[in-house]
Amino acid sequence: MGEKSRETSSPWSSTILLVKITSADGLVGYGEAPTTLMTLPVLESMKEVARVFNGKDFFNVERNVFDFYRNSFYLPVSMEATSALSAFEIASWDLIGKQLGTPVYKLLGGEVNQKMRAYANGWYNDCVSPDDFLKKAKEVVKMGFTAMKFDPFGDNYDSITNDGLENARNIVGTLRSELGDKVDLLIEYHGRFSKIAAIKAGMALEEYHPFFYEEPLHPDLDHDLLDLKNYYRVPIALGERVLNKKIFARFISQKLVDIIQPDLTNSGGILEGKKIAAIADGFGIPVAPHNAFGPIQTAATLNLDTTITNFIIQESFEMFWPDWKKKLVSSGYKLENGYFTLTNEPGVCKVNEDIVEKYQVSGMEPFDDKEPPWVVSGTFKPYRQK
Ligand SMILES: O=C(O)[C@H](O)[C@@H](O)[C@@H](O)[C@H](O)CO
Ligand SMILES: [Mg+2]
């Protein structure tokens, strides 16, 4: 579902992809999957997952997921397959919770965290200069957030120019000096650099003591992360493109990452998320789940966050969503003053079926050959000081 027009915060979030499964008794469960120019491929993969899940007992999440794992030869390297599977897994938990009349977190160990600290993302559309960023960052602080993530690297890709480094320093430096030390600044690299650029950019920003550097390297250069560690004094976070617990186990045990960011919609769902968090906990690594899509993803993720002792912070685009996305879920969780709480809805959350009906579309999100779909809109531009 989505809108024909481009959403302001980001092109990928103008659509979201849902799965709805119905039990033999007529109960309905919803799950969500990522989009980002993958909407139709993931939708196609959902048809394969449906062949495995159809007619199965939805309480047997572990069995059903494992059956798909066994059948899906490319699963560990296929974002389409893991995303499709994750959507069914989340929908299964929604059904289980609804059938039992309990929120999902109560089935996963219960409450550890009553409030989840959020960080804002999606707030800086069309920002290129330090002043652009500052103006919008102040609004984010006014909303009650104590942490915000942003990508200060403009259109630098693979390598970075001296101008690019200076601009990034000015943006991050301005926010640090104007917002003070109480606001956490999370630096998003969007996995766009090769090693030398990642080292230069990381060293240039460390004096502003960022909370973390996210995906500083192209995701397929993960073996170079160890080299970055020789230069960085800022923790490295990643995980939004890591597809299951076994792959997380490798990143964590090889000490390639300091904070993990599993995305429940592409790493196997809620129960796999619990296992990933447990693996991380065994190594003293905190969890900051990725959450860039819609409210079902958010509700599923918060159900996990509530139950884990190594939760650190939760991503949120929520305040910058279009109206239809804000109304899609009528209860399940709240975001107030920079913190999430659950509202103890049975299952994952309560989906507003009228909105689903009204905003159904087919096809892909908009595409712009000047700006990759993974950036926040209007930011893939150079900034030159006069
Ligand atoms: O961390 C994040 O939120 C992501 O990197 C986000 O910024 C996007 O790139 C999006 O996830 C693309 O699908
Ligand atoms: Mg990211």
Side-chain angles (χ1 to χ4, degrees), residues 2 6-17 32-42 79-80 82-83 86-87 118-127 133 136 140 145 147-155 157 184-193 198 201-202 210-220 222 225 234-243 251 257-267 287-295 297-298 301 312-321 325 364-368 371-380:
R6 159 171 291 191
E7 188 194 318
T8 50
S9 75
S10 51
W12 78 84
S13 48
S14 56
T15 55
I16 61 174
L17 182 56
E32 193 181 339
T35 49
T36 325
L37 288 192
M38 293 302 272
T39 310
L40 291 181
V42 176
M79 173 273 178
E80 297 90 313
T82 53
S83 299
S86 307
Y119 70 81
N121 196 354
W123 54 273
Y124 58 101
N125 56 301
D126 296 321
C127 288
F133 276 91
K136 290 203 173 166
V140 172
F145 287 103
M148 58 186 81
K149 188 164 89 181
F150 56 101
D151 179 332
F153 302 112
D155 65 346
Y157 187 82
D184 278 309
L185 305 177
L186 288 56
I187 308 299
E188 167 71 272
Y189 287 64
H190 277 121
R192 62 139 73 68
F193 288 138
F211 189 83
F212 60 50
Y213 290 155
E214 174 172 325
E215 292 197 307
L217 287 173
H218 293 302
D220 39 0
D222 50 80
L225 286 165
V234 171
I236 294 177
L238 59 80
E240 67 181 271
R241 289 182 260 199
V242 177
L243 299 181
F251 273 96
V257 61
D258 304 303
I259 297 173
I260 59 158
Q261 302 175 294
D263 181 321
L264 264 53
T265 66
N266 67 17
S267 59
V287 185
H290 180 251
N291 176 42
F293 306 108
Q297 177 187 33
T298 305
T301 307
I312 181 168
I313 199 163
Q314 179 57 59
E315 177 168 29
S316 171
F317 281 75
E318 183 109 4
M319 299 301 283
F320 312 95
W321 280 346
K325 211 187 277 184
M364 296 285 285
E365 63 261 51
F367 178 71
D368 173 357
E371 181 160 274
W374 40 266
V375 298
V376 165
S377 283
T379 60
F380 201 72

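Counting from 1, the numbers follow the sequence of the chain as shown. Counting convention: from 1, in listed order, for ligands and their atoms alike.
Of all heavy-atom pairs between Ser86 and Ser267, the closest is OG-N, 3.6 Å.
Of the protein's non-hydrogen atoms, the one nearest atom 3 (O) of ligand 1 is Glu315 OE2, 2.5 Å. Here the protein heavy atom with the shortest distance to atom 13 (O) of ligand 1 is Thr36 OG1, 2.5 Å. Nearest protein neighbour of atom 7 (O) of ligand 1, counting heavy atoms only, is His190 NE2, 2.8 Å. Looking from atom 8 (C) of ligand 1 to the surrounding protein, the closest heavy atom is Trp12 CH2, 3.3 Å. The nearest protein atom to atom 9 (O) of ligand 1, hydrogens excluded, is given as Trp374 O, 2.9 Å; this is a heavy-atom distance. At the top of the distance list for atom 2 (C) of ligand 1, counting protein heavy atoms only, stands His290 NE2, 3.0 Å.
Counting the atoms of ligand 1 from 1 in the order shown, those under 4.0 Å from a heavy atom of Phe317 are 3 (O). Heavy-atom proximity to Ala292, at under 4.0 Å, picks out these atoms of ligand 1: 3 (O), 11 (O). Distances below 4.0 Å separate heavy atoms of Phe293 from the following atoms of ligand 1: 13 (O).
By the 30° and 60° cut-offs, the orientation of the rings of Tyr189 relative to Phe153 is tilted. Taking the six-membered ring where the residue is Trp, Trp123 and Phe133 present perpendicular rings, their angle passing 60° and hence far from 30°. The aromatic rings of His190 and Trp374 sit tilted relative to each other, their planes meeting at an angle between 30° and 60°.
At a heavy-atom distance under 4.0 Å, only side-chain atoms of Asn121, from C-beta outward, approach ligand 1. Residue Tyr119 does not touch ligand 1, judged by heavy-atom distances below 4.0 Å. The side chain of Glu214, and not its backbone, has at least one atom closer than 4.0 Å to an atom of ligand 1 (non-hydrogen atoms only; side chain from C-beta on). Residue contacts with ligand 1, taken as heavy atom pairs separated by less than 4.0 Å, do not involve Gln261 at all.
Judged purely by atom type and a 3.5 angstrom limit, Thr301 uses its side chain to pair as donor or acceptor with the backbone of Gln297. Under the 3.5 Å distance criterion, the side-chain polar atoms of Glu365 are left unmatched by any main-chain donor or acceptor of Thr15. Between the side chain of His290 and the backbone N or O of Pro262, no donor-acceptor pair lies under 3.5 Å. In terms of modelled atom types and a separation under 3.5 Å, the side chain of Asn291 and the main chain of Glu315 share a donor-acceptor contact.
Note that the CG atom of Leu40 and the OG1 atom of Thr35 stand 11.0 Å from one another [nearest 0.5 Å].
Contact check for Met79 versus Pro34: side-chain heavy atoms found under the 4.5 Å cut-off. Taking 4.5 Å as the limit, every side-chain heavy atom of Cys127 sits out of range of all side-chain heavy atoms of Phe150.
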Open item on the list: Would Leu238 and Phe251 count as a side chain to side chain contact (heavy atoms under 4.5 Å, CB included) here? Give the steps.
Closed with: CA-CA 9 Å; Leu238 59 80; Phe251 273 96; 3.9 Å; yes
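Around the Mg ion (ligand 2), protein atoms of type N, O or S found under 2.8 Å number 3.
Taking any N or O of Lys149, backbone or side chain, at least one lies under 3.5 Å from an N or O belonging to ligand 1.
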